[in-house]
Amino acid sequence: MSLEKPHPRTKRPSIEHEEERAWVSFYKRVGNDLALATEVLAQLDSDPDMKRSHLALYLCCKESLRMHKATQVRNKRIGQFVRWFCGGLFTQLFVQWPNAWRRSLSRGGDIVAECLPETGRDAGKEPAMAKARQLTQEPTFATAQADFRQQRTVAPAEPAAATAQAGDSAPSPAARKAA
């Protein structure tokens with residue numbers, strides 16, 4: 001044949017129509033499908049002419065990726081809050097509050113027991129109280145108690161006398177130096 005360039009083969013109208021339908025479907029789906037948005041973005045980045053001709057699709061893909069990233073960050077923050085709240089609530093409900101109730105009840109029980117009035121039967125149950133009453137009624141206890149009271153009244157006068165006697169018997173500082 002001739003050395004002339006072969007005529008470029010024209011695309012069939014049905015193929016062009018299908019291509020257009022595919023690009024239109026990408027526009028519709030790219031906002032919801034992250035994997036599709038990533039693939040279309042990679043394809044458009046690799047071919048500058050295609051990126052120029054489908055700039056709106058390129059921007060939709062970028063927006064879809066940005067929105068997905070913002071959603072992930074938001075979900076992460078919400079998850080951290082829920083974990084913190086539930087962990088704190090669990091600790092409060094099942095660890096700290098029962099311990100506080102147990103401590104309150106154990107301390108409060110002692111206070112309540114001390115506030116209750118004694119009855120005649122309770123006083124007889126304590127053996128030390130019964131023995132103390134028995135000892136105070138014995139005559140030897142009365143004489144011992146009287147002797148103790150007498151010693152207690154005389155005792156403050158004796159220490160002063162004892163210090164005076166100790167001062168008389170102790171050598172003076174001058175005598176100590178001479179010795």
Side-chain angles (χ1 to χ4, degrees), residues 1-137 141 148 152:
M1 306 239 142
S2 70
L3 295 173
E4 294 176 15
K5 286 184 182 175
H7 292 292
R9 204 169 151 182
T10 59
K11 289 186 179 178
R12 291 185 230 161
S14 62
I15 293 175
E16 287 179 15
H17 181 68
E18 288 300 320
E19 281 288 322
E20 286 301 316
R21 280 184 53 199
W23 283 109
V24 169
S25 73
F26 289 157
Y27 278 97
K28 291 178 182 176
R29 295 184 334 202
V30 83
N32 299 327
D33 190 359
L34 183 66
L36 178 66
T38 306
E39 284 185 38
V40 169
L41 190 64
Q43 190 66 32
L44 292 175
D45 278 338
S46 68
D47 188 4
D49 289 333
M50 194 184 258
K51 182 178 176 180
R52 229 176 288 122
S53 64
H54 298 287
L55 188 58
L57 181 61
Y58 179 80
L59 293 175
C60 285
C61 291
K62 286 289 230 181
E63 182 184 21
S64 176
L65 293 175
R66 199 172 26 256
M67 293 297 289
H68 177 72
K69 185 177 180 182
T71 301
Q72 291 296 326
V73 169
R74 181 176 172 268
N75 289 344
K76 184 178 178 183
R77 280 196 321 261
I78 291 171
Q80 287 173 339
F81 172 75
V82 168
R83 282 190 293 277
W84 171 80
F85 183 74
C86 289
L89 185 64
F90 179 82
T91 303
Q92 285 288 327
L93 286 177
F94 298 110
V95 177
Q96 292 178 351
W97 288 351
N99 287 343
W101 276 101
R102 186 175 28 84
R103 282 192 306 266
S104 310
L105 291 175
S106 68
R107 291 179 190 152
D110 296 340
I111 294 171
V112 168
E114 289 297 321
C115 291
L116 292 175
E118 286 189 31
T119 61
R121 287 180 278 156
D122 292 341
K125 289 182 181 176
E126 181 65 38
M129 294 299 286
K131 186 66 174 178
R133 265 189 246 107
Q134 180 186 0
L135 289 175
T136 55
Q137 292 174 357
F141 175 78
F148 177 74
R152 198 173 69 191

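Heavy-atom basis, side chains included; hydrogens, waters and symmetry copies ignored.
With sequence neighbours excluded, the residues forming a side-chain hydrogen bond (donor to acceptor under 3.5 Å, both in side chains) with R52 are D49, listed by chain and number. Residues meeting the side-chain hydrogen bond (donor to acceptor under 3.5 Å, both in side chains) test with R74, sequence neighbours left out: none. Looking at residues two or more places apart in sequence or on another chain, you find a side-chain contact (heavy atoms from CB on, under 4.5 Å) between L93 and L89, W97.
Judged by distance alone, the side chain of T91 and the main-chain N or O of G87 form a donor-acceptor pair under 3.5 Å.
Distance CG/L59 to NE2/H54: 13.0 Å, rounded to 0.5 Å. Within the model, atoms OG of S14 and CD of E19 stand 11.0 Å from one another, a figure rounded to the nearest 0.5 Å. Distance CZ/F148 to CZ/F141: 10.5 Å, rounded to 0.5 Å. In this structure, CD on Q137 lies 9.5 Å from CG on L135, to the nearest 0.5 angstrom.
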Side chains of residues 75-84: which donor-acceptor partners sit under 3.5 Å, not counting sequence neighbours?
{"unit_1": "N75", "atom_1": "ND2", "unit_2": "T71", "atom_2": "O", "d": "3.4"}

Side-chain atoms of residues 21-35: list all donor-acceptor pairs with protein atoms under 3.5 Å, sequence neighbours left out, distances to 0.1 Å.
{"unit_1": "R21", "atom_1": "NH1", "unit_2": "E18", "atom_2": "OE2", "d": "3.3"}
{"unit_1": "S25", "atom_1": "OG", "unit_2": "A22", "atom_2": "O", "d": "2.7"}
{"unit_1": "D33", "atom_1": "OD1", "unit_2": "A35", "atom_2": "N", "d": "3.4"}

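Applying the side-chain hydrogen bond (donor to acceptor under 3.5 Å, both in side chains) test to pairs two or more places apart or on separate chains, those with a residue in residues 35-48 are D45-Y58.
Looking at every heavy atom in both residues, M50 comes nearest to L44 through CG-CD2, 3.7 Å. Contact record, A37 with S64: CB-OG, 4.0 Å, taken as the closest heavy-atom pair.
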